[in-house]
Each structure stands twice: as C-alpha cells, then as structure tokens.
Amino acid sequence: SRLIHINLEVRAPDWLAWALSNNVHQYITSYINFKSNALYTFDPNSPDNTYASPRTWAFLSRLMDNGLDMSTPEGSALAQGTIGTVSKEFKAFIANYGKLPKLADIIADPDKVDMPSEPGTLYALCGSLSTWVDASNISPIYRYLARMPAEYQVVTIKDAVKRSPSVRNTPEMKGWIAKNATALYS
C-alpha cells in the first residue's frame with residue numbers, strides 16, 4: 001500500500017493546551033473546557049456533512065476573529081457549516097458572556113462584584129478572566145478569583161498561564177500556586 005494509516009486519540013486537555021498557546025478564541029476554549037466531548041463529534045452513522053473536530057474549531061476561531069457574528073442567521077449558518085449541529089449549543093453557551101461582570105467593575109471592587117453560580121456562566125467567566133489578566137491587574141482579579149469554587153479557579157489559572165506565561169512570576173500567582181498546587185497539578 002502507498003498509504004500509512006495512524007489512528008489518533010483526540011483529547012481535550014491536549015488540544016486546549018495547543019489552543020491556548022495559539023490564540024484560539026476564548027469562547028471556544030471556554031466552551032471546550034465546559035463540554036470537552038464537543039471537541040470531536042464525528043459519528044459514522046450520522047447523515048450530517050460536517051462535525052466538530054480540533055481542525056474545525058480552530059477554523060471557526062479564525063472566522064470569529066474576523067468578525068463572524070453567530071447571532072445573525074448568516075453567522076449561525078456558517079458556524080453550523082463549520083462545526084455541525086454542536087453549533088446550536090455553542091451559540092447558547094456564548095449567551096453566557098452577556099451575564100458576566102465587566103473587567104472595570106472587578107478591578108474597582110473585586111470583593112463586591114457578583115459571582116455567577118451557573119456552571120456555563122462560570123466557565124465563560126474562567127475564559128474571560130484568563131484572557132483579561134496581566135501583571136498590571138492581577139491583584140484585583142486574584143481577589144475576585146479567590147471567591148470562585150476551587151475547580152473554576154484551577155481552570156482559570158491554567159488557562160491564564162498558558163495564554164500569558166509572564167503572570168506566573170507575579171507574587172499573587174506564586175502564592176495561589178503554592179496554596180493550590182495539589183489541585184493545579186492533579
């Protein structure tokens with residue numbers, strides 16, 4: 001035979017590590033953190049022409065970075081043509097971003113800003129915080145983050161360090177990692 005066939009296993013943690021270091025849109029990385037089985041939805045018995053895969057999620061990210069608006073009929077159709085029927089649930093997940101506190105409010109008063117309680121909204125918040133955090137605003141974001149349930153703190157910290165490795169060297173991050181090393185590295 002002239003071909004070599006290699007079967008690969010798709011694993012969300014591996015893809016997320018790649019996606020975070022390659023600037024895949026935060027809505028996508030947050031959604032895959034929330035629902036990892038949506039990363040690869042191929043079903044050989046499905047009549048659908050397309051399905052979600054690491055490659056199609058990365059392509060959708062580029063579309064979103066170039067202005068794709070999934071709230072429009074055209075945007076919804078493009079998303080469905082890119083990642084298949086999972087696009088409907090992804091679009092519903094994106095609605096969580098409208099429920100998030102504003103960065104300016106978190107920085108102004110991290111101890112008083114409302115903390116969401118719904119899992120989908122918390123995963124959206126993890127993605128936003130990991131994108132927003134940098135050395136100049138880590139103190140208030142860290143104080144706000146400390147109010148989140150531990151599992152969401154871990155998601156946020158892992159994503160933040162992958163997106164912006166320089167935050168690892170801040171006193172706040174070093175303290176958080178020392179306090180939560182077991183949860184972070186398990």
Rounded to the nearest 0.5 Å, what's the gap from [atom1] on [X] to [atom2] on [Y]? Could you check?
X: I32; Y: L39; atom1: CD1; atom2: CG; result: 5.0 Å
X: I177; Y: M173; atom1: CD1; atom2: CE; result: 6.0 Å
X: L68; Y: H25; atom1: CG; atom2: NE2; result: 9.5 Å
X: I106; Y: L129; atom1: CD1; atom2: CG; result: 5.0 Å
X: I138; Y: T170; atom1: CD1; atom2: OG1; result: 3.0 Å
X: D48; Y: D43; atom1: CG; atom2: CG; result: 8.5 Å

(message) Is the distance from the ring center of Y31 to that of W57 below 6.0 Å?
(response)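 They qualify: ring centres under 6.0 Å apart.
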(message) Assess whether a salt bridge exists between E118 and K99, defined as any Lys/Arg side-chain N lying under 4.0 Å from an Asp/Glu carboxylate O.
(response)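 A salt bridge links E118 with K99.
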Measuring only between side-chain heavy atoms, which start at C-beta, is [X] closer than 4.5 Å to [Y]?
X: S53; Y: V10; result: no
X: Y123; Y: K35; result: no
X: I157; Y: L145; result: yes
X: L78; Y: M70; result: no
X: L125; Y: P101; result: yes
X: F93; Y: Y27; result: no
X: C126; Y: F34; result: no
X: K112; Y: D105; result: no

(request) Give the minimum heavy-atom separation between S71 and K91, together with the two atoms involved. (result)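 Smallest heavy-atom distance, with atoms named: CA-CE, 4.1 Å.
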(message) Assess, by modelled atom type and distance only, whether the side chains of S30 and Y97 contain a donor and an acceptor separated by less than 3.5 Å.
(response)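 Yes, a side-chain donor-acceptor pair sits under 3.5 Å.
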(message) Do R163 and T29 pair up side chain to side chain, a donor and an acceptor below 3.5 Å, judged on atom types alone?
(response)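 Yes, T29 and R163 have a side-chain donor paired with an acceptor closer than 3.5 Å.
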Check for a donor-acceptor pair, side chain of [X] on one end and backbone N or O of [Y] on the other, with a separation under 3.5 Å.
X: S76; Y: P73; result: no
X: S46; Y: F42; result: no
X: Q80; Y: S87; result: no

(message) Once side chain to side chain donor-acceptor pair (under 3.5 Å) is applied, do any residues pair with K162, and if so which ones, sequence neighbours excluded?
(response)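 Testing K162 for side chain to side chain donor-acceptor pair (under 3.5 Å), a comparison that skips the adjacent residues, returns none.
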(message) Students often mix this up, so state it plainly: with edges at 30° and 60°, are the rings of W18 and W15 parallel, tilted or perpendicular?
(response)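 Ring orientation, 0 to 90° scale: tilted.
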(request) Decide whether L20 and I28 are clustered together by the hydrophobic rule: side chain heavy atoms of Ile, Leu, Val, Met, Phe, Trp, Tyr closer than 4.5 Å, transitively. (result)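 Not linked; separate clusters.
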(request) Would you mind listing the cluster partners of I6? Hydrophobic ones only (ILVMFWY), side-chain contacts under 4.5 Å, chaining allowed. (result)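 Answer for I6: I4, L8.
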